Structure formats: C-alpha cells, structure tokens
Amino acid sequence: MFDYGYEYLLRQQEYLLKTIKAMTSRLDLSALLRLILNHAVEMVQGEMGLIVLQGKRGPEVRAFYGIRPEDLSYFAPLVEAVPQRVPGVGSWIIPNLESRVIQVTTGLGLPLHQVVAMPLKFKEDLLGMIYVLRRGGGAFSEDDRQVLVAFADQAAIAVRNARLVSQLRWEKARLDTIIDNSPAGIIILDDEGRTEQVNLAFSHMVGRRKEKMVGLPCADVLHMRETQGIEVCGSFLNGRAQSPFYVEGVLEPARGKEKIVGVTVTPLYEGDELVNVIITVQDITRFKEAEEMKVTFISVISHELKTPVAVIKGYASTLRREDANWDRKTLEDGLMAIEEESNRLAELIDNLLEVSRIQAGALKIRPEPTSLRPIVEKVTEGFRMQTLRHDFVLDVPKNLPPVLADPERLRQILGNLLSNAVKYSPRGGVIRVGAWSDSDKVTVYVADQGIGIPPEEQGRLFRRFSRLDSGLRRETKGTGLGLYLVKSLVEAHGGSVWVHSEPEKGSTFFFTLPVYRPQHAGNINPLAGTHDG
C-alpha cells in the first residue's frame, strides 16, 4: 500500500495549485491537454493516462501519457466507452469499466490493475474523460480520487475556455478567408478612421500591398474623386453618418488605370459608440462602359440609319414628282445615290447582325483551302473604281501558300481594312496591300499614308463603336464596328490582328491566317470558326 501521509497530500495540493495556475495562462488546447494529463498522472503516481474528448465525429484521444503511439489502438475499449450519468448524483461513470480495462491489458500484455476515470464536465455538459492507470501498488485512495475530481473540475473550465478561444480563432480565420477572397474590395476601419484590414481584391484594385495600408488613415488608402460631394472617409466620424450609404466615384490607384467604383460605407456602432466602419468597393467600370456603349449605340445607329434613309427618301420623292421632267443624267445621278445609300444601309444592317451573332456566340465561318491573291485583287479592284485620289499597290507573292479561311469572311476583313484606309487618308496617296508567309501562318497587311493614329487611341481601336478621335470623325461616315468585326473574324480563324501607326505618317494593319495543310481536311469546325490540326 502507498503511504498517503501528510507529505503526499501536501505534494498533491502543490501539484493542484501549480497546475491550476498554469492552466489559467494557457489557451492552446493541445498544449493545455498535455499539461492537464501529465500533472494528473504524476499527482497520484500513475503510469499511463488518456484524455478523451467528445468531437464532431465521436470520441477521440487528444492527449496520452506513458503510452507509445502505436499502442493507442489497444485502448479502444476505453476510448469508445459511452459515459452514463448517475441519476440524482450528477456524476458520470463508465459502464463495465473493469472489464474494459481487462480488454486493454490483454491487448497490451501488461497487468493494468488500477484505473480511475474522471469526467471533464462543465455545468451539465460532458466534455470528455480523463483516464489514469497503473500496474502495481495499492488501489487509488479516496484522497487520490478527491484530488483528481477537484483537478478535473478546474481542468474542464480550462478546456472549455481553450475550446472557446480555439473556436474564436477558427471563426476569425474563416472570416478573414471570406473577406480576403471576396471579389469586392473591403476596407475595415477603426473608430478613428484608421485602416485595420484590407482584402486582396482591394489590394489589387489600388496596386498596393495589404500590409502597407494597415494603420493608415482612410483618406491615404481610398483615393477617390467625383463622389457627388460626399466625403467618403470623413462622413462617418463624429456621428455625421449613422446608417449605411452608397456613392459612386473614380478610384485613383497607385498603379494602373483609373476605375469607376461603387462604394458602400457601413458604420458599426455599439450603443452610441462607433466601433468599426466597413467599406465595400465594387469595380463597376465594365457596367458603366456597357451603359455608355448602349447610349453610344442608340446615338450612332439612329444617326447612321437616319442619314441614308433621308437621302433615299429625298431622291425618291424628287424623282417621282409629276410636275418635273427630269433628263436622263439627273435620273441616273438620283438612282445612283439611292443605290449607294441602299448599299450603305444594307452594309450597316449586316454589320449590326454580325455583331449580334458575335455577342451571342453564333458567329459561323466555313474555312476551306483558299488562295489569297485572287481575293485581294478582286476586293482591291472594287475600291480602285470608287476613288481617284488613291493608288492601290499589291505585294502578294504568286507562290503564297493557300490559307485555311472562309473566302467570304476574308473578303469582309479586307473590305473593312481597305474602307478604313480610304476613309482616313482623305488627301489620297498609296494604299498598299501585301502578304508574306511563315512556316505555319500567312501575315497580311493594309498600309495607308493617312492621318495616322495617336498611341493613346490605338488600344481601343478594336472595340465596338470606337472611332478615331479627330476632326475627320465628324466628316466620315461609320459606326465604329468595322475594326471590331475584323478582330472577331480574324480570331475566329485562329489568327491575330494588330496595328502600327504614327500621327500624320499613316497606319498599317496586320492580321494572320493559318496556312492550309492537307491534314486539316475533315477537322474543320464551321461553327466555332477554328480548326484542329
């Protein structure tokens, strides 16, 4: 028998006080459980111990003492035991504890004769069990049990607190992940308007690292202008804004181009005290551009449709007058004007239909082996007959390999590029159409000696309704769809398009088409406008 004398009881009390003190200062659950178990076993001179906690998937071992990891499976009878509450007592016991210990000793091959099972409970909730075991000596005394019960009660409080802290950390980590991966920019400010947190989306919007913005005043982080007279960063201070509000403005990033943004400012109060301000920044540039494009579309189309219709109606009304006797030349001039404006109207409608098909993903091309030179000659000849100011020069080798292209679409591409070359070289000059071949592609170019394109405008040339911003724009007819169609049709063939230009020195537009190879036959996708090969 062990001698449970005065000295032993004092040592247990010292252990208990030291452990309780240590438990109150530790909030890491795993470290806390190891500390609890080690002290519990050592207080009563045990040899082995386990802490089993109830988890989401059932009971699981969270700490062990004096047991090799590979021997943990032998303790399954204790781990899987379902504690039962003793009616009227408020305590918990393990049914058939002795027989379960025998199962453990049989598996381990060790004579574990002594065991004590202590519930870790907080109020009415059972958090888990502590098991302390030893092989020899006397049975655990009542004093041992009393000390362990008191110890377990304190340990349960520490475990619960650590779990709460762990849960708070997990919730914070989850919230941080949600904030960081939000597609909208988010800024969290403290009650003085200084930045506590920004997410990745906002960091990318303004081109600054997150950590560089923490601690800065709101105005140094959110650079905005044109906000309908509302001071975004100061409106919530001193109680000036008690409820959420929305404002739109222009965000000026440290790097990259300006963005149109919609900003929602939400002050968070605790009673009358401002605690935090949540600012959500949504990039609405695309939506504003789409809205502007819609207005442009209506304006351009209404103007472009009205002009030919007015001309056709005017000439038709004039020619059908019964009181006039027109000579043949007048009739021919009037009918020619009607025909030209009808062709222009048909071209405009065709372009609009093509744009609609592109937007709907229904653009169809039918690629086939195509000789480029005859198409260039035919399209160029058509323009040569329309103008006396321009000289057309062809530089397309006769031995150029065939391309894989839709002939009709190819005529459309060349027609749009030549139309632009004529339109934006009003003083005339040479328009050169040429081509050369590489191993797998043919590059075609259309060069003019016109007014050229400023570098700042070249990036938006191939957008819908985009037209050169010059005095010529008011004098030339067009919807700004031609180059957009060129780009869409070229890319549908698997090629690319680009421009080289200098103001007052002319422009050269390039595009590529794939060279036809015999293995392409049978691998053409007419719907997507691409080919496998």
Side-chain angles (χ1 to χ4, degrees), residues 27-28 161 164-296 456 459-460 463:
L27 293 175
D28 178 71
N161 291 341
L164 289 175
V165 170
S166 179
Q167 185 178 353
L168 286 173
R169 286 173 179 166
W170 163 248
E171 292 293 340
K172 184 181 184 305
R174 184 169 64 173
L175 184 60
D176 287 346
T177 302
I178 293 171
I179 291 173
D180 232 16
N181 290 279
S182 168
I186 296 176
I187 310 168
I188 300 178
L189 307 175
D190 63 15
D191 59 336
E192 295 181 349
R194 292 190 172 273
T195 306
E196 287 188 352
Q197 185 178 356
V198 297
N199 70 343
L200 281 173
F202 184 77
S203 174
H204 293 153
M205 277 185 196
V206 297
R208 299 175 68 183
R209 294 171 60 182
K210 292 166 47 179
E211 56 271 20
K212 295 290 186 181
M213 292 183 275
V214 174
L216 295 179
C218 171
D220 292 345
V221 173
L222 186 63
H223 298 282
M224 285 186 65
R225 58 183 174 82
E226 298 176 16
T227 55
Q228 297 102 45
I230 299 175
E231 186 187 356
V232 175
C233 285
S235 56
F236 49 82
L237 296 176
N238 302 321
R240 287 199 295 270
Q242 296 286 333
S243 58
F245 65 88
Y246 175 82
V247 66
E248 293 179 2
V250 178
L251 181 67
E252 300 174 334
R255 293 193 301 272
K257 64 178 185 178
E258 294 179 343
K259 298 174 176 65
I260 304 171
V261 294
V263 178
T264 302
V265 180
T266 307
L268 299 179
Y269 288 89
E270 187 174 317
D272 295 330
E273 296 294 323
L274 180 68
V275 179
N276 285 110
V277 179
I278 312 298
I279 300 178
T280 305
V281 185
Q282 187 78 43
D283 187 350
I284 58 173
T285 307
R286 286 191 303 112
F287 302 109
K288 287 296 182 181
E289 287 177 348
E291 188 177 313
E292 184 179 342
M293 189 174 293
K294 186 191 298 181
V295 173
T296 304
E456 64 272 14
R460 59 183 180 86
R463 300 178 188 172

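What you see is a predicted model, and the numbers here were worked out from it, not measured in a lab.
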Q: If the condition is side-chain hydrogen bond (donor to acceptor under 3.5 Å, both in side chains), which residues does Gln282 pass it with, not counting sequence neighbours?
A: none
Q: Report, one line per pair, each donor and acceptor closer than 3.5 Å where one atom sits in a side chain of residues 274-281; sequence neighbours left out.
A:
unit_1, atom_1, unit_2, atom_2, d
Asn276, ND2, Leu189, O, 2.9
Asn276, ND2, Glu196, OE1, 3.2

Q: Excluding sequence neighbours, so at least two apart, what forms salt bridge (Lys or Arg N to Asp or Glu O under 4.0 Å) with Lys257?
A: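 With sequence neighbours excluded, Lys257 shows a salt bridge (Lys or Arg N to Asp or Glu O under 4.0 Å) to no residue whatsoever.
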Q: Between Ala201 and Ala184, which heavy-atom pair has the shortest distance, and what is it?
A: CB-O, 3.5 Å
Q: Answer yes or no: are there more than 12 heavy-atom neighbours, outside Glu171 itself, under 6.0 Å from its atom CD?
A: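 Atom CD in Glu171 is packed in, count exceeds 12.
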Q: Would Asn181 and Asn199 satisfy side-chain contact (heavy atoms from CB on, under 4.5 Å), going step by step from the backbone distance to the final call?
A: CA-CA 7 Å; Asn181 290 279; Asn199 70 343; over 6 Å; no
Q: Is the backbone N or O of Tyr246 less than 3.5 Å from a side-chain atom of Thr264, with the two atoms forming a donor-acceptor pair by type?
A: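 Between the backbone of Tyr246 and the side chain of Thr264 there is no qualifying donor-acceptor contact (under 3.5 Å).
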Q: Measuring from atom CG of Leu222 to atom CE of Met205, what distance do you get when rounded to the nearest 0.5 angstrom?
A: 10.0 Å
Q: Check Glu248 against Gly262 and note the closest heavy-atom contact, atom names and distance.
A: CG-CA, 4.1 Å
Q: Run the salt bridge (Lys or Arg N to Asp or Glu O under 4.0 Å) test against Glu273 and tell me which residues pass, sequence neighbours left out.
A: none
Q: Less than 4.5 Å apart, side chain to side chain, heavy atoms only: is that true for Ile187 and Met213?
A: no
Q: Calculate, to the nearest 0.5 Å, the distance between atoms SG and CE belonging to Cys218 and Met224 respectively.
A: 10.0 Å
Q: Distance check, rounded to the nearest 0.5 Å: Lys210 atom NZ versus Thr195 atom OG1?
A: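 Separation between the atoms: 13.0 Å.
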Q: With rounding to the nearest 0.5 Å, note down the distance linking NE2 in His223 to CG in Leu251.
A: 8.5 Å
Q: List for me each residue that meets salt bridge (Lys or Arg N to Asp or Glu O under 4.0 Å) alongside Glu258, sequence neighbours excluded, and say none if there are none.
A: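 Counting only residues at least two positions away or on another chain, Glu258 forms a salt bridge (Lys or Arg N to Asp or Glu O under 4.0 Å) with Arg225.
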Q: Do Ile179 and Ile188 have side chains that get closer than 4.5 Å, going by heavy atoms?
A: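 Contact flag for Ile179/Ile188 side chains = yes.
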Q: What pairs with Lys212 under salt bridge (Lys or Arg N to Asp or Glu O under 4.0 Å), at least two apart in sequence or on another chain?
A: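 In terms of salt bridge (Lys or Arg N to Asp or Glu O under 4.0 Å), with neighbours along the sequence ignored, Lys212 is linked to no residue.
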Q: Counting N and O atoms only, with roles assigned by atom type, does the side chain of Ser182 sit under 3.5 Å from a partner on the main chain of Ile178, one being a donor and the other an acceptor?
A: no
